[in-house]
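Everything on this sheet refers to the single structure shown next.
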Amino acid sequence: MADALDSSTLPQATLTPPRRSRVSAIWLIPLLAAAVAIGIAVNRILNEGPTISILFQSAEGVEAGKTIIKYKDVKIGQVTAVELHQNYSMVRVTAKIDKHAEGLMVEDAKFWVVQPQVTLSGVSGLSTLLSGNYIGFEMGKSSKPQRHFTGLKVAPVIPIDQPGREFELSASDLGSVSVGSPLYFRRLQVGQVMAYQLDPDGNSVSIRVFVNTPFDHFVSPETRFWNASGLDVSLGESGLDVRTQSLVSLLVGGIAFETPSSAVESAPAAADTTFVLYGDRATAMKQPETISRHYVLYFAESLRGLTVGAPVTLFGLPAGEVTDVGIDIDSATTKLRGRVEIVAYPERIVSDIHTVQSASAQAMVQSPEQSHAFFQRLVMDRGLRAQLRSGSLLTGQLLVAFDFFPDAPEAEVDWSPKMPVIPTVPSTLTNLEDKVSSILAKVDKIPFETIGTELAQTLLTLNQAIEGIDKAVNNIDADVTPELKLAIAAFRRAMVTANKVIKNTDETLLGQDAPGQLELRDALQEVSRAARSLRVLTDYLERNPSSLIRGKDGEKP
Amino acid sequence: MAAALTAAQAGLIGCEHCGLLVRAASADEPGHCPRCGSALESRRRQSIERTWALVIAAAICYIPANLLPVLGTTTLGSTEYDTIMGGVVFLYTSGSWPLALIVLIASVMVPLGKLIALGYLLISVQRRSSSSNRERTRLYRMVEFIGRWSMLDVFVDTFTVALVQLSPLMAVRPGAGVMFFAAVVVLTMIAATTFDPRLIWDAGGEQES
Ligand SMILES: [Zn+2]
């Protein structure tokens, strides 16, 4: 049929002037695509941050492609690889750091793995329950860039940008202090324990503490630090007085400091100053002596009853203490004699001097030459001598008393040896006898019967108090601790479950029947329940701290 | 059998819009349809040039489509970005290799296959190759047919993003790769329609079986 078709009968197409030929606009599409792709690539390359490696002892919960690095809760990088390193003893974590955080990767930057932790001083890293472990970061002070780091085992206690000052405390033992233990000033928490270590000689422990600004201005060279971990129970006129710095310090230990009111210097102490850590407040505040003078006394009589620590008095007022009791041979006469070393605290005497004269006395104490001359004058002109005296008739305790004996044979202080020798006078037995007889006369007049009944009553009260403490101690075990234990146990259980669920999330949460969703919900409920009960407990303890001692209301012993 | 007379050889042209068979004004410039007035085209205008442009654009987009993440999954605070190949590897290592194979074929092989097929058709037409015309036509039909179905990945991705929003437990967000992926699919689909299969048969007398 095709041949039969007469093409001339078909309509003729109309003609319009041809369009000018040019390069088709279609080529804009690949150009645009190339521009966008190149733009993205360039952007990627420009935003490429450095890759760093961190060595950890263990990289618990750190996963390549998942774990992120956070600084101030802002993501600054992501872990790209986790592998064993150095004979399999370390873990090397490789991470890609975001461009904006490149400047943070300096020599003394710190990294550590953050995971949930429940300690008595608090719960930390709770957010990791939901987001998984992450790597914490702390800025360094250096400006020297670095790409290889060694991770910390635990998070640093004090952020580097926290203003404040570090001090060193020297203690005979660590007590219950640990890293993170609070530091108190007038019962306010003003700092923390940062680290501790045994001194190389093994004789003491040095503890580094950090005092936050502005409280660091209250630490002066005369400030006393003491271990505030325990209960300070004293029986005074006002009854039983129980003091503690805080509930937390009872549990995790703590250190308190205070500057004695008698302190002369009030300028803040320089950072890294070393202080002595005293056992308790009484000991810390009792020894305000920064100036101490050592002397030697020789006695030709029995030293029975004189012990190290026995008081040294001046006019019956405390002026020092005995530091050593022994014997030696007098090189001149080759006779044995008792040798007693004492330490005197001139400032203590000065503090007893009337205020009008204390300034000049203080100046004299500060200058050894002046005080030596003054002391020599007292000995030579006025007859100042040391004498052994009986401190207690019942126990036979002796003390060293300084007094004036104008009739005593002439003598002077021997400044030549390392410890100056002060002349002594023998103790007077008649003096003692007189005293005994006069005391006996007085004893006759004592109404023993009345005292006896009063004493019995007092003992009864005391007994009750002791019983009370006994019960309190039992209650600490019976009432409070189990709750705390239960709460913590529940919390830990919840966390273990949550951790497990998070680990399995990928398999379970995306699965068809998704058992993980159910498990996760249960776990989260458990966590919130545990958190609630822990909060209730801490709230209760905060409102009724005495319940630790007395037990809960309604269960009064 | 002798080569069949083609309309172009007879100086005739069919209007693509109203179907009127007309005599072309001239071989170079067919003119306009006298009935409906639309431009007459013996062969689609600049078919090869346009198809090339679209195929090249699709090829450029294919690279970021595979390198950039297509899906961002936020599970309990931590976000993970997956590329298509990453997803394939994940599916394979987690044991569901048939699924991995499907994703690999649908998302990686098919777009690549379309690009290669279109490139091959363009080159063979430009070289005025006259062999295996039927096979090439079949290949063209396949490319055209697959085009309708190759948006599947983009749809799956979009649906996933829309459905999985269990914030804060889990959330899924589209990645930049999806845009490029969609661009590859759309560009290859347009390229397939821009390509004029009649060009295959233009290269002289074909050998019919
Ligand atoms: Zn028409």
Side-chain angles (χ1 to χ4, degrees), chain A residues 2-3 5 7-19 21-41 43-44 63 65-68 75 78-79 127-134 498 501-502 505-507 509-511 514 516-517 520-521 524, chain B residues 4-5 10-13 15 20-26 28-35 37 39-40 45-46 49-65 67-68 73 75-81 86 90 94 164 166 168-170 176 179-180 183-184 187 190 194:
Chain A
D3 295 331
L5 185 76
S7 56
S8 60
T9 60
L10 293 173
Q12 174 75 38
T14 55
L15 197 61
T16 44
R19 286 185 203 168
S21 82
R22 53 186 167 97
V23 175
S24 175
I26 198 92
W27 287 102
L28 285 176
I29 294 174
L31 279 179
L32 188 73
V36 172
I38 290 169
I40 286 176
N43 194 32
R44 278 261 165 138
E63 273 180 80
K66 261 190 177 175
T67 309
I68 58 172
K75 183 199 166 204
Q78 185 156 31
V79 171
S127 61
T128 59
L129 280 180
L130 290 179
S131 61
N133 290 0
Y134 62 90
V501 172
I502 290 161
T505 304
D506 282 336
E507 287 92 22
L509 209 61
L510 298 171
Q517 292 193 3
L520 185 66
R521 204 174 49 232
L524 288 174
Chain B
L5 178 76
L12 298 176
I13 199 163
C15 174
L20 182 71
L21 185 68
V22 295
R23 277 180 289 130
S26 74
D28 303 329
E29 201 56 49
H32 284 76
C33 171
R35 184 157 69 184
L40 291 170
R45 264 168 51 82
Q46 295 169 311
E49 190 191 359
R50 289 185 178 194
T51 313
W52 264 126
L54 292 165
V55 167
I56 290 169
I60 291 171
C61 291
Y62 184 77
I63 298 164
L67 290 180
L68 294 180
T73 320
T75 322
L76 296 166
S78 69
T79 307
E80 269 180 86
Y81 291 99
F90 171 77
S94 61
V164 188
L166 307 167
L169 279 186
M170 199 179 171
M179 296 304 293
F180 285 96
V184 171
L187 287 171
I190 300 173
T194 318

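First the proteins, then the strands, lettered A, B, ... as listed; each starts at 1.
- With a 4.5 Å cut-off on non-hydrogen atoms, B:L20 touches chain A through its side chain but not through its backbone.
- For chain A, the nearby part of B:L68 is the side chain; its heavy atoms alone come within less than 4.5 Å.
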Practice problem: Please report the C-alpha distance between B:E49 and A:W27 in whole Å, then the side-chain angles of each, then the deciding distance to 0.1 Å, and finally whether the side-chain contact (heavy atoms from CB on, under 4.5 Å) criterion is met. | Solution: CA-CA 9 Å; B:E49 190 191 359; A:W27 287 102; 2.9 Å; yes
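- For chain A, the option among B:A53, B:A57, B:G37 with the highest count of heavy-atom pairs below 4.5 Å is B:A53.
- Heavy-atom distances place the side chain of A:I40, and not its backbone, under 4.5 Å from chain B.
- Proximity to chain A is absent for every atom of B:I13, based on heavy atoms less than 4.5 angstrom apart.
- Here OG1 of B:T51 is found 8.5 Å from CD1 of A:I26. Values are rounded to the nearest 0.5 Å.
- Note that OH of A:Y134 is 12.0 Å distant from OG1 of A:T67, once rounded to the nearest 0.5 Å.
- Expressed to the nearest 0.5 Å, how far CG of B:L187 lies from CZ of B:F180 amounts to 11.0 Å.
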Exercise. Decide yes or no on side-chain contact (heavy atoms from CB on, under 4.5 Å) for A:L28 and A:L32, but give the supporting numbers first.
Key: CA-CA 6 Å; A:L28 285 176; A:L32 188 73; 5.8 Å; no
